[in-house]
Amino acid sequence: MGIAPILAVTQPAFWPLTLILFLPAIVAGILALPLIPRGKDDSIRWVGLATTIAVFVLSLWMAVPAIFGTGSAGQFTVGEAGMQAVVDQPWIPAFNINYLLGVDGISMPLVLLTTFLSVLAAAASWPIEKHVRPYWILFLLLETGMIGVFVSLDFFLFYVFWEVMLLPMYFLIGIWGGPRREYAAIKFFLYTLAGSVLMLLAILMLYFASDVGTLSDEQLIASHVVSPVLEGTERTAALAAIHSAHDAGKPVHTFNLLALAAIGQSQNSPFAATSFWGMTLESWAFLLLLIGFVIKVPVVPVHTWLPDAHVEAPTPISMILAGVLLKLGGYGIIRICYPICPGAGLSFAWLVCGLGVVSMVYGAFAALAQKDFKRMVAYSSVSHMGYVMLGLGVWSAVDGHGYQWDAWAQGVNGAMFQMLAHGISSAGMFFMVGVLYDRVHHRNLEEFGGIFNRMPLYASLAVAIFFAGLGLPGMCGFIGEVLVTLSSWNYSRLLAVCSAFTVILTAAYILWAIQRVYLGAEYKGPHGDHLTPMTRRELAIAVPLVVLAVVFGVAPQLIFNYVTPTVNRQVETLAEWTRGHDGASASAGAAASTDSEKAEFQAAIDSFSVGGGR
C-alpha cells in the first residue's frame with residue numbers, strides 16, 4: 001500500500017500494552033536459559049510470581065488510572081465506548097497483517113481478570129515439585145497467549161495467540177496432572193484443535209471475501225485500516241491508494257477485525273452476497289466460528305473434554321482453565337461472530353440460546369449426580385457458562401419489539417458480568433477443592449464431613465465462595481444470572497423459565513455439596529490427621545477471591561462502568577443494522593411482488609389479445 005510505518009512514539013499505549021502482552025513470554029525465554037542453576041527451584045518460583053505481579057500492576061495501571069493518580073494517553077478511559085490504546089504496526093505487509101492491538105470495555109476487564117488470576121495461580125503453583133523450570137516456562141507462555149487473544153484486533157494475530165495457548169495447556173495437564181492426565185490432555189488437545197481448524201477456515205473465507213475499498217474514508221480511519229495518526233497528504237495518499245485499487249478491480253483484503261465488522265454490517269456486504277451450498281458465506285463463517293468458540297466455552301454436546309481436563313489438571317491450572325480459558329469462547333462470540341456476521345447471528349440466535357439453555361440445565365443435573373468434588377465443580381462451570389450463551393443470544397431487537405435493544409443489551413451486559421463473576425467464583429471453588437485434596441488426597445464427596453470442626457477458617461472462606469457460585473444475592477454470581485434471565489423473557493418465555501429453574505438446581509447441588517463436605521459431625525475419609533489450618537500462602541490466595549466475590553456482588557457498577565458503554569453501543573449498532581436489514585428485505589420483497597404482478601398483468605393482456613385475434 002506504500003503506507004509508511006507509524007513510529008511507536010506516536011502511539012502512547014505501544015510499550016504498556018506490549019509489555020503486558022510479552023513480558024511473561026520474555027521471562028519464559030530467560031528462564032529457558034541456564035542463568036538460574038539447577039536446584040534453585042525457589043528462585044524460579046519467585047521470578048515467575050514476580051513476573052505475574054508486574055504484569056498485573058501494569059494492567060491495573062492501564063485499567064484503573066485513578067489508583068496511580070495519573071492520566072496518561074496510554075491508559076483506559078472509563079465510560080468511553082470505543083476502542084482505546086490502539087497499537088498498529090505493520091507485521092506482514094504483503095497480506096495486510098498488522099501488529100494491531102487495542103482494548104475497550106469488553107476486553108479491558110477480561111485482561112485484568114487474566115492478570116489477576118495469573119498471580120493467584122502462580123502463588124498456588126508453589127507445591128509443584130516436578131520439573132519446576134519447564135512448568136513455569138509453560139505457565140508464563142500460557143499467560144501471554146491468553147492476554148494476546150483479548151487484545152488482538154487483527155484476526156491473524158488473534159488466531160496465533162489462540163493457538164499459542166493450546167500447547168502450554170496440553171503439557172501442563174499432560175505432565176503435571178493426575179493419574180489419567182495423558183487421556184485428559186489428548187482429549188483437550190483434539191477438541192481444541194478441531195475447533196481451531198474450523199476457525200481457520202472461517203478466517204480465510206472472510207479474508208478473501210473482504211475488500212476494505214468498499215468502506216468510506218471515515219470507516220477506514222475509524223477501523224484503523226488507515227491510521228488516525230496520519231494527517232494531510234499522507235492520509236490522503238493512503239485513502240486514495242485503497243480506493244484506486246478497489247476501482248481497478250483489485251480487492252484489498254484485510255484481517256482487521258474492526259474493518260471486517262464494518263464490512264459485515266454494510267448494506268451490500270460481500271459476506272451476505274456470496275452463497276455456498278444453499279447458505280451465505282457469513283452463515284458458514286458464523287457456524288464455523290461458533291463451533292470453534294463453543295468448544296472453548298464449552299457447551300453441550302462439545303463439553304466432554306472439560307470435566308476430564310479439570311479433574312486431572314493440577315489446582316493452579318484448573319483455576320486458569322475455569323477462570324480465563326472458558327471466557328475466551330464467550331469473548332470470541334461477542335467480539336467476532338455477531339459484529340462480523342450479523343445476518344447469520346440474527347438467523348441463528350435460536351441456536352445460540354438453545355445451546356445455552358441445554359448446557360445450563362444439563363450441567364446442573366450432571367453436577368447433582370457427581371461424587372467427585374472437583375468433577376462437580378467442573379460441571380457447574382458448564383451450567384454457569386450456559387447463562388453467558390443465553391445472554392449473548394437473546395437478539396430481541398427485531399420488528400416485533402419495535403427494534404428496542406434494551407432487553408438484548410441487558411442480556412449481553414449480564415453475560416459479560418457472568419463471565420467475570422464466574423472467573424472469580426470458579427477459580428475460588430477449584431482452589432478450595434485443591435486445598436482439601438493437598439491434605440487428604442481424595443475428592444470423594446461421600447468421605448468428607450465435619451471440615452468446619454477441623455478447619456473453621458478454611459470452611460468459612462470455602463462456603464462464602466461456593467455461595468458466590470450459587471448466585472446468592474449480595475455475591476457476584478447473582479447479578480449476571482438475574483439480568484440474563486430477565487432479558488430472555490422478551491425473547492422466549494420458555495427459555496426464561498428454564499433459566500430460572502436452573503437457579504434452583506444450582507442451589508441444590510451446591511448446598512448438598514456444602515452439607516456433605518463441610519457440615520456433619522466428623523470427617524469420614526482417610527488422612528484425617530492431615531486436616532491442618534490453611535497456610536499464609538493459601539490465605540493470601542483465598543481471601544482476595546472472597547473479597548472480590550462480595551465487592552462485585554454489592555457494587556456491580558464497578559464492572560458495569562467499564563462494560564456497559566461498549567456493549568450498549570455494539571447492541572444499538574446491531575439493532576440499527578437489523579432495522580436496515582429488515583427494511584431492505586421488505587423493499588426487495590415489495591419489488592419482487594410488484595414485478596410478479598406486472599408479469600401476471602402482462603400475461604393476461606397477451607392472452608386476451610391472442611383470444612381477440614382469433
Side-chain angles (χ1 to χ4, degrees), residues 117 120-121 123-128 173 176-181 184 306-323 325-326 363 366-384 422-452 454-455 457-470 477 506 509-520 523-528 530-535 537-539 541-546 549:
L117 290 182
L120 300 186
S125 299
W126 233 254
I128 300 291
I173 296 172
W176 290 272
R180 299 176 71 243
R181 56 184 179 270
L306 181 69
D308 293 313
H310 269 312
V311 167
E312 300 305 324
T315 296
I317 303 308
S318 286
M319 294 170 64
I320 291 293
L321 185 58
L325 257 70
L326 306 191
L368 269 171
Q370 300 308 310
K371 293 185 177 180
D372 184 295
F373 200 3
K374 202 173 186 183
R375 188 174 287 269
M376 185 213 78
V377 178
Y379 275 108
S380 78
S381 290
V382 176
S383 181
H384 284 118
H422 181 261
I424 299 296
S425 63
S426 64
M429 288 190 286
F430 277 111
F431 176 70
M432 292 304 182
V433 174
V435 169
L436 273 185
Y437 183 78
D438 288 342
R439 285 160 171 76
V440 299
H441 304 293
H442 80 90
R443 295 184 296 263
N444 189 346
L445 286 168
E446 305 298 333
E447 294 184 356
F448 284 111
I451 301 298
F452 246 120
R454 301 288 193 96
M455 305 170 65
L457 179 56
Y458 159 76
S460 300
L461 293 172
V463 168
I465 205 71
F466 273 91
F467 277 161
L470 183 152
T506 303
Y509 68 73
I510 287 184
L511 291 176
W512 193 22
I514 290 174
Q515 178 189 9
R516 288 183 286 176
V517 175
Y518 300 107
L519 305 181
Y523 174 72
K524 300 185 288 289
H527 308 295
H530 294 170
L531 289 170
T532 55
M534 295 182 78
T535 65
R537 176 185 61 84
E538 291 169 337
L539 283 172
I541 298 168
V543 170
L545 290 169
V546 173

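Computed from heavy atoms alone, side chains included, the values below leave out hydrogens, waters and symmetry copies.
- With hydrogens and angles ignored, the 3.5 Å screen pairs a side-chain donor or acceptor of Arg454 with a backbone N or O of Gly528.
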(Q) Test side-chain contact (heavy atoms from CB on, under 4.5 Å) on Tyr518 and Phe466; report intermediate values, then the result. (A) CA-CA 11 Å; Tyr518 300 107; Phe466 273 91; 3.9 Å; yes
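- Atom CD1 of Ile317 is separated from atom CG of Leu325 by 9.5 Å, given to the nearest 0.5 angstrom.
- Here the side chains of Leu519 and Ile451 are not in contact, with every heavy-atom distance at 4.5 Å or above.
- Taking both residues in full, the closest heavy atoms of Ala121 and Pro316 are given as O-CB, 3.3 Å, listed atom of the first, atom of the second, then distance.
- Ring pair Phe373/Tyr509: centre-to-centre distance not below 6.0 Å.
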Q: Give the C-alpha distance, both sets of side-chain angles, the deciding distance and a yes or no for side-chain contact (heavy atoms from CB on, under 4.5 Å) between Met319 and Ile541.
A: CA-CA 11 Å; Met319 294 170 64; Ile541 298 168; 4.2 Å; yes
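- Under 4.0 Å is where a charged nitrogen must lie from a carboxylate oxygen, and between Arg516 and Glu446 at least one such pair does.
- The aromatic rings of Phe430 and His310 sit parallel to each other, their planes meeting at less than 30°, with 60° as the upper class boundary.
- In this structure, NZ in Lys374 is found 14.5 Å from OH in Tyr379, a value given to the nearest 0.5 Å.
- Thr535 is not listed as a side-chain neighbour of Leu539, based on a closest heavy-atom distance of 4.5 Å or more.
- Heavy-atom minimum distance, Gly434 versus Thr315: CA-OG1, 3.3 Å.
- Side-chain contact, Ser381 with His422: a donor N or O sits under 3.5 Å from an acceptor N or O.
- A distance of 8.5 Å separates CH2 of Trp176 from CD1 of Ile128, quoted to the nearest 0.5 Å.
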Q: Go through the steps to decide whether Leu545 and Met432 satisfy the test side-chain contact (heavy atoms from CB on, under 4.5 Å), and finish with yes or no.
A: CA-CA 11 Å; Leu545 290 169; Met432 292 304 182; over 6 Å; no
(Q) Applying ring-ring contact (aromatic ring centres under 6.0 Å, His included) to His442 and Tyr437, what does each step give before you reach the verdict? (A) CA-CA 6 Å; His442 80 90; Tyr437 183 78; 8.2 Å; no
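- Taking a 6.0 Å sphere around NZ of Lys524, one finds it holds more than 12 heavy atoms contributed by other residues, nucleotides or ligands.
- A heavy-atom distance below 4.5 Å is not found between the side chains of Asp372 and Leu445.
- One finds the CD atom of Glu312 at 6.0 Å from the CZ atom of Arg180 (value rounded to the nearest 0.5 Å).
- Counting heavy atoms from C-beta on, the side chains of Val311 and Arg443 come closer than 4.5 Å.
- Between Ser460 and Phe452 there is a side-chain heavy-atom pair separated by less than 4.5 Å.
- In plain terms, the two heavy atoms of Leu321 and Ala309 that are nearest each other are CD2-CB, 3.9 Å.
- Among all heavy-atom pairs drawn from Gly323 and Leu117, the shortest one is CA-CD1, 3.6 Å.
- When every heavy atom of Pro314 is checked against every heavy atom of Gly177, the shortest pair comes out as CD-CA, 4.0 Å.
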Q: Test Arg375 against Asp308 for side-chain contact (heavy atoms from CB on, under 4.5 Å), laying out the working first.
A: CA-CA 8 Å; Arg375 188 174 287 269; Asp308 293 313; 3.3 Å; yes
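- Between Thr506 and Ser380, every side-chain heavy-atom pair lies at or beyond the 4.5 Å cut-off.
- Residues Leu436 and Phe448 meet the side-chain proximity criterion, which asks for heavy atoms closer than 4.5 Å.
- Shortest non-hydrogen contact noted between Ala542 and Leu461 is CB-CD1, 4.1 Å.
- Ion pairing between Arg439 and Glu538 holds under the 4.0 Å rule for side-chain N and carboxylate O.
- Here the side chains of Pro533 and Tyr458 are not in contact, with every heavy-atom distance at 4.5 Å or above.
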